[in-house]
There are 2 protein chains.
Amino acid sequence: MRRVRARRGEGAQLREELLSAAEELLAEAGTEEALTLRAVAARAGVSTPAVYLHFADKEALVEAVCMRVWGELGRLFRDNLGGDPWPAMGRCARAYIRFALDHPVQYRVLMMRPSASPGVPPAAAEAFGHMVDAVSACMETGVVEGDPAEVALGLWSALHGCASLMIAQPSFPWPDREALIDRVVRVAGFGTALYSRLPRDLPPSEELAARFDALGAELAAGEGQSSP
Amino acid sequence: MRRVRARRGEGAQLREELLSAAEELLAEAGTEEALTLRAVAARAGVSTPAVYLHFADKEALVEAVCMRVWGELGRLFRDNLGGDPWPAMGRCARAYIRFALDHPVQYRVLMMRPSASPGVPPAAAEAFGHMVDAVSACMETGVVEGDPAEVALGLWSALHGCASLMIAQPSFPWPDREALIDRVVRVAGFGTALYSRLPRDLPPSEELAARFDALGAELAAGEGQSSP
DNA sequence: ACCGTCAGGTTAACGGTGTCAACCTGAGCG
DNA sequence: CGCTCAGGTTGACACCGTTAACCTGACGGT
């Protein structure tokens with residue numbers, strides 16, 4: 001059980017082992033309460049205070065775990081970019097929600113924890129940058145307008161809302177998971193596309209409904225394969 | 001400091017005092033870590049294990065606090081219902097986000113905590129029911145279609161995503177708060193209105209952009225006062 | 001070949017937490 | 001008056017994050 005002491009100059013390798021141990025604990029226990037300094041150290045085969053050789057406190061360890069998760073999310077986005085922009089954004093969005101639902105504990109500590117250190121961490125900025133890229137690409141085709149960062153934040157909000165609500169309140173009357181993902185992605189996309197085009201003061205409800213009906217009917221006439 | 005012992009048959013009044021103490025602690029400290037059984041008991045002028053006379057464990061106390069918050073949210077919805085449905089839904093949505101941002105700690109323990117007990121708590125169901133009502137009213141005017149509960153869940157997801165992201169990740173490049181609220185509410189509304197009207201397979205991006213442009217131009221011609 | 005240094009840990013302890021078993025106490029009844 | 005039992009209190013336990021003090025053995029210098 002006891003880990004063999006690292007050789008000189010290789011002390012930093014314990015840091016990685018601690019992080020891996022922490023991720024394993026999270027994944028296995030399914031609760032962040034299982035993420036104890038004592039448990040992490042024990043799993044790494046090391047005494048508890050040894051954690052403090054590489055992390056200032058527990059918060060620093062958790063934040064390091066979060067950076068790893070941000071890295072995974074960023075990689076996920078990068079792999080889904082490319083090709084026709086509108087479907088690419090759809091793929092990114094779907095991948096995001098699926099990641100969140102497949103790794104609920106990691107996602108929870110990532111997003112639902114009061115960020116102690118101020119400023120956007122680099123790994124998070126990179127992941128967010130990829131999402132901004134996806135949105136920017138959509139703008140070049142003309143289907144979405146506005147400030148890319150702002151639109152990306154709005155889309156992120158929608159995705160995060162769906163994912164985190166499903167994770168935190170599983171007992172709500174959720175519809176089928178894939179259907180909901182589909183719905184959220186399309187609602188966010190359509191809404192964003194329309195937002196910048198509509199005037200600030202809208203016509204009364206009946207008028208509005210009629211216009212939406214007209215657009216729907218018109219679009220139903222032509223068919224294609226671009227499905228965000 | 002010491003609370004006078006309750007008279008016979010009025011032991012339940014300590015329960016309310018404990019809940020109030022817990023809410024005060026949460027609001028004053030601004031961190032859920034301040035919600036300690038010892039601190040709650042001390043503020044209520046009572047010894048720590050006295051909490052166990054009314055709550056099975058700490059989790060039960062926290063859940064009871066959540067029920068109070070759900071109640072406030074439900075009341076907020078109820079007060080904003082009525083009148084023209086589309087603007088009413090907008091008011092509800094704005095009130096929701098403002099409540100979340102004005103009570104970040106309470107909102108965090110409400111929504112970002114793994115719900116221990118299974119099933120939807122009654123207070124939550126009531127609050128959600130009000131939102132379903134708002135959506136249903138919008139459907140009767142014809143501006144939104146689909147299953148009311150499902151649409152309400154989608155709207156809730158959007159609101160929650162915006163609120164919780166702003167709370168949990170304040171260091172992101174957020175735009176002006178009111179502008180963002182406005183954006184999210186309208187995006188969710190427009191997106192939902194369009195979702196059920198558009199075919200599953202969409203035309204290519206340029207075609208899509210042209211149609212959206214046309215709708216925007218057409219709506220810009222008429223002006224009204226209905227602004228969700 | 002020896003030795004001192006210091007990176008890479010360990011042991012022991014402290015204060016704070018949730019929780020439980022055991023004990024107390026005094027208001028209200030007969 | 002005396003009994004009872006609702007409404008608490010005391011004391012203790014295991015576990016948590018965190019710190020100070022100590023150990024140890026691989027390496028560079030001689």
Side-chain angles (χ1 to χ4, degrees), chain A residues 1-22 24-26 28-66 105 109 113-114 116-117, chain B residues 1-22 25-26 28-66 105 109 113-117:
Chain A
M1 270 304 149
R2 197 100 128 214
R3 191 184 92 111
V4 289
R5 178 172 164 174
R7 297 201 311 208
R8 283 221 175 176
E10 298 178 5
Q13 98 185 49
L14 174 58
R15 185 190 154 92
E16 294 308 308
E17 296 182 30
L18 287 171
L19 284 178
S20 297
E24 289 174 28
L25 277 176
L26 271 184
E28 290 174 13
T31 317
E32 50 203 296
E33 298 169 20
L35 193 59
T36 309
L37 286 195
R38 288 173 149 86
V40 170
R43 176 169 284 246
V46 117
S47 77
T48 310
V51 176
Y52 290 89
L53 295 175
H54 298 284
F55 302 97
D57 51 7
K58 184 185 179 179
E59 174 64 25
L61 196 168
V62 173
E63 200 146 304
V65 171
C66 286
V105 204
V109 309
R113 181 189 49 104
S117 65
Chain B
M1 269 304 148
R2 199 100 128 211
R3 193 184 90 113
V4 290
R5 177 171 164 173
R7 297 200 311 209
R8 284 222 176 175
E10 300 177 5
Q13 99 184 49
L14 175 57
R15 184 191 154 93
E16 294 307 309
E17 296 182 31
L18 287 171
L19 283 178
S20 298
L25 278 174
L26 230 45
E28 290 174 10
T31 316
E32 50 203 297
E33 298 170 19
L35 193 59
T36 307
L37 285 195
R38 288 173 150 87
V40 171
R43 177 169 284 245
V46 116
S47 77
T48 310
V51 176
Y52 288 89
L53 295 175
H54 298 283
F55 302 97
D57 51 7
K58 184 185 179 180
E59 174 63 24
L61 197 169
V62 173
E63 200 145 303
V65 171
C66 286
V105 204
V109 310
R113 182 187 49 103
S115 71
S117 66

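Residue numbers begin at 1 in each chain, while the letters A, B, ... track the order of the sequences.
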Worked check of side-chain contact (heavy atoms from CB on, under 4.5 Å) between Leu18(B) and Phe55(B): CA-CA 10 Å; Leu18(B) 287 171; Phe55(B) 302 97; 4.0 Å; yes
Does the side-chain contact (heavy atoms from CB on, under 4.5 Å) test come out yes or no for Thr31(B) and Val105(B), once each step is laid out? CA-CA 6 Å; Thr31(B) 316; Val105(B) 204; 5.7 Å; no
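Atom CG in Leu53(A) sits about 16 Å away from atom P in dG17(D), given to the nearest Å. In this structure, CD of Glu17(B) is placed 13 Å from P of dG7(D), rounded to the nearest angstrom. Here dG16(C) presents its P atom at 18 Å from CG of Leu35(B), a figure rounded to the nearest Å. Rounding to whole angstrom units, CZ of residue Arg15(A) and C1' of dG9(C) are separated by 18 Å. Per the geometry, NE2 belonging to His54(B) stands 6 Å off P belonging to dG8(D), to the nearest Å. Taking atom CD of Glu32(A) as the reference point, atom P of dC16(D) lies 15 Å away to the nearest angstrom.
Partners of Arg3(B) under the salt bridge (Lys or Arg N to Asp or Glu O under 4.0 Å) rule, at least two apart in sequence or in another chain, are Glu17(B).
Contacts of Glu10(B) with the nucleic acid, taken as non-hydrogen atoms under 4.0 Å apart, involve only primed sugar atoms and P, OP1 or OP2. Thr36(A) comes within 4.0 angstrom of sugar-phosphate atoms only, judged by non-hydrogen atoms across all strands, and of no base.
For the pair Ala39(B) and Ala34(B), the tightest heavy-atom approach, listed with the atom from each and the gap, is CB-O, 4.0 Å.
Residue whose closest nucleotide on DNA chain C sits further toward the 5' end, between Arg2(A) and Ala39(B): Arg2(A).
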What does nucleotides 19-30 of chain C look like as a protein-contact string, B for base, S for sugar-phosphate only, - for none, at under 4.0 angstrom between heavy atoms? BB----BBBS--
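Asp57(B) CG to Glu63(B) CD: the interatomic distance, rounded to the nearest 0.5 Å, is 9.5 Å.
Distance alone, capped at 3.5 Å, is enough to place a donor-acceptor pair between the His54(A) side chain and the Gly11(A) backbone.
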